[in-house]
Amino acid sequence: MYRIRARIREMKPAFPLFYLSFMGFLCLYSVQRYLGLGFEPLNCMTFMGIIFGVYTLNRFTDTAEDFTNDIGRLLFFQGKRIFLFLAGTSLAGSIGVLLYLERLNWMHVLLLTMGFGYSFRLVPWYSRASGLRFLRIKEMTFVKNLSVSFLWGASVFMVPILSSEPMAFDGGMILLLAAGLFVSTFNNTLFDDIMDEAGDRVAGIRTLPTVWGGFKSQMLLMAMDTAWVAMVAALWLEGRIGGGHASFLAFLGLYPFLYMALHLRGKTEKSWVDLLSESDLLFFALGMLLLGTR
């Protein structure tokens with residue numbers, strides 16, 4: 001039993017990769033159910049494989065960030081090169097299956113392109129101070145947060161829609177739900193940067209908190225969430241959305257106040273605050289499943 005517990009502790013840095021991959025599977029499944037498409041395992045499995053591959057590759061390109069923010073994670077992945085092989089296999093397998101079955105669509109291509117651009121210096125960027133150079137998306141202040149949030153919000157809806165037979169969908173409601181996931185993910189990504197502000201500042205990484213400061217960045221999130229909840233309330237009062245959808249969409253904007261308040265209070269362990277902030281995708285998927293059963 002002791003050896004099992006020790007092994008679990010040793011593998012702890014890899015758990016977020018498996019969690020995010022499974023959340024991709026669950027979110028796509030919940031959207032399929034909501035849209036009335038049934039369970040399409042191929043879409044879920046290949047989507048999960050792409051997410052695992054992209055995020056795992058990032059663990060091997062984030063050495064500067066991890067050196068200051070999480071040295072234990074850095075040492076783990078540097079000593080477990082098997083994960084680099086698993087990332088390549090996962091990406092190649094997912095893409096290969098989609099190509100063979102002729103189900104690769106532009107959303108998959110965008111995910112892959114943005115994923116590689118997130119980890120590797122592929123994006124041309126010009127400034128007067130340094131001239132033309134190539135950057136990773138995550139090195140571009142604020143662009144990282146926007147791109148990750150957009151991709152999650154768009155992909156979990158577009159992948160099943162593009163893979164389904166032509167049928168009528170409520171485009172306005174889908175757009176609103178995708179925007180809700182965008183808001184939820186944007187909170188999560190920027191809050192992660194706020195939590196890592198000290199380490200990122202030492203490493204010279206220009207995240208929004210290192211440029212603006214953590215407190216101002218958190219106030220930005222709170223202002224955005226307040227505006228989102230107010231908009232949802234207005235749509236409900238005008239009768240444009242029902243109570244179930246309104247409650248779910250409002251929750252996506254209200255939930256971040258919980259972990260941000262705990263962080264500002266400063267009396268809750270960081271691990272618990274992290275757990276709460278990383279639960280956004282889980283709550284989104286559960287909410288979509290509940291809406292799909294109505």
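Hydrogens, waters and symmetry mates are skipped; everything else that's a heavy atom, side chains included, is used. For this chain, numbers begin at 1 and follow the sequence in order. In this text, all values refer to a predicted model and were calculated from it rather than measured experimentally.
Looking only at atom types and distance, the side chain of Asn145 has a donor-acceptor partner in the side chain of Asp193 under 3.5 Å away.
Ring pair Phe248/Phe284: centre-to-centre distance below 6.0 Å. Outside the 6.0 Å centre-distance limit, the rings of His108 and Phe47 are not counted as a close aromatic pair. For Phe76 and Phe83, the gap between ring centers is short of 6.0 Å. A distance below 6.0 Å separates the ring centres of Phe18 and Phe52. Aromatic pair Tyr19/Phe15: ring centres not closer than 6.0 Å.
In terms of heavy-atom proximity, Val156 sits nearest to Cys27 at CG1-CB, 4.0 Å. Taking every heavy atom of both residues into account, Gly115 and Val54 meet most closely at CA-CG1, 3.6 Å.
Taking the six-membered ring where the residue is Trp, Phe186 and Phe182 present parallel rings, their angle staying beneath 30° rather than reaching 60°. Using cut-offs of 30° and 60° for the angle between ring planes, the Trp152 and Tyr55 rings count as tilted.
Under a hydrophobic clustering in which Ile, Leu, Val, Met, Phe, Trp and Tyr are joined whenever their side-chain heavy atoms come within less than 4.5 Å, directly or via other members, Ile51 and Val97 fall into different clusters.
By the side-chain hydrogen bond (donor to acceptor under 3.5 Å, both in side chains) test, Tyr29 pairs with Arg33, sequence neighbours left out.
Taking a 6.0 Å sphere around CD of Glu102, one finds it holds 12 or fewer heavy atoms contributed by other residues, nucleotides or ligands. No more than 12 heavy atoms of other residues, nucleotides or ligands sit less than 6.0 Å from atom OH of Tyr100.
The shortest distance between side-chain heavy atoms of Tyr34 and Leu177 falls below 4.5 Å.
Applying the salt bridge (Lys or Arg N to Asp or Glu O under 4.0 Å) test to pairs two or more places apart or on separate chains, none has a residue in residues 211-227.
To the nearest 0.5 Å, atom CE of residue Met288 and atom CD of residue Gln32 are 11.0 Å apart.
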Problem - side chain to side chain contact (heavy atoms under 4.5 Å, CB included) between His263 and Leu258, intermediate numbers included - result: CA-CA 9 Å; His263 174 63; Leu258 172 61; over 6 Å; no

Exercise for the section: Show the numbers, then the answer: is there a side chain to side chain contact (heavy atoms under 4.5 Å, CB included) between Asp280 and Asn187? Expected result: CA-CA 9 Å; Asp280 57 332; Asn187 273 279; over 6 Å; no

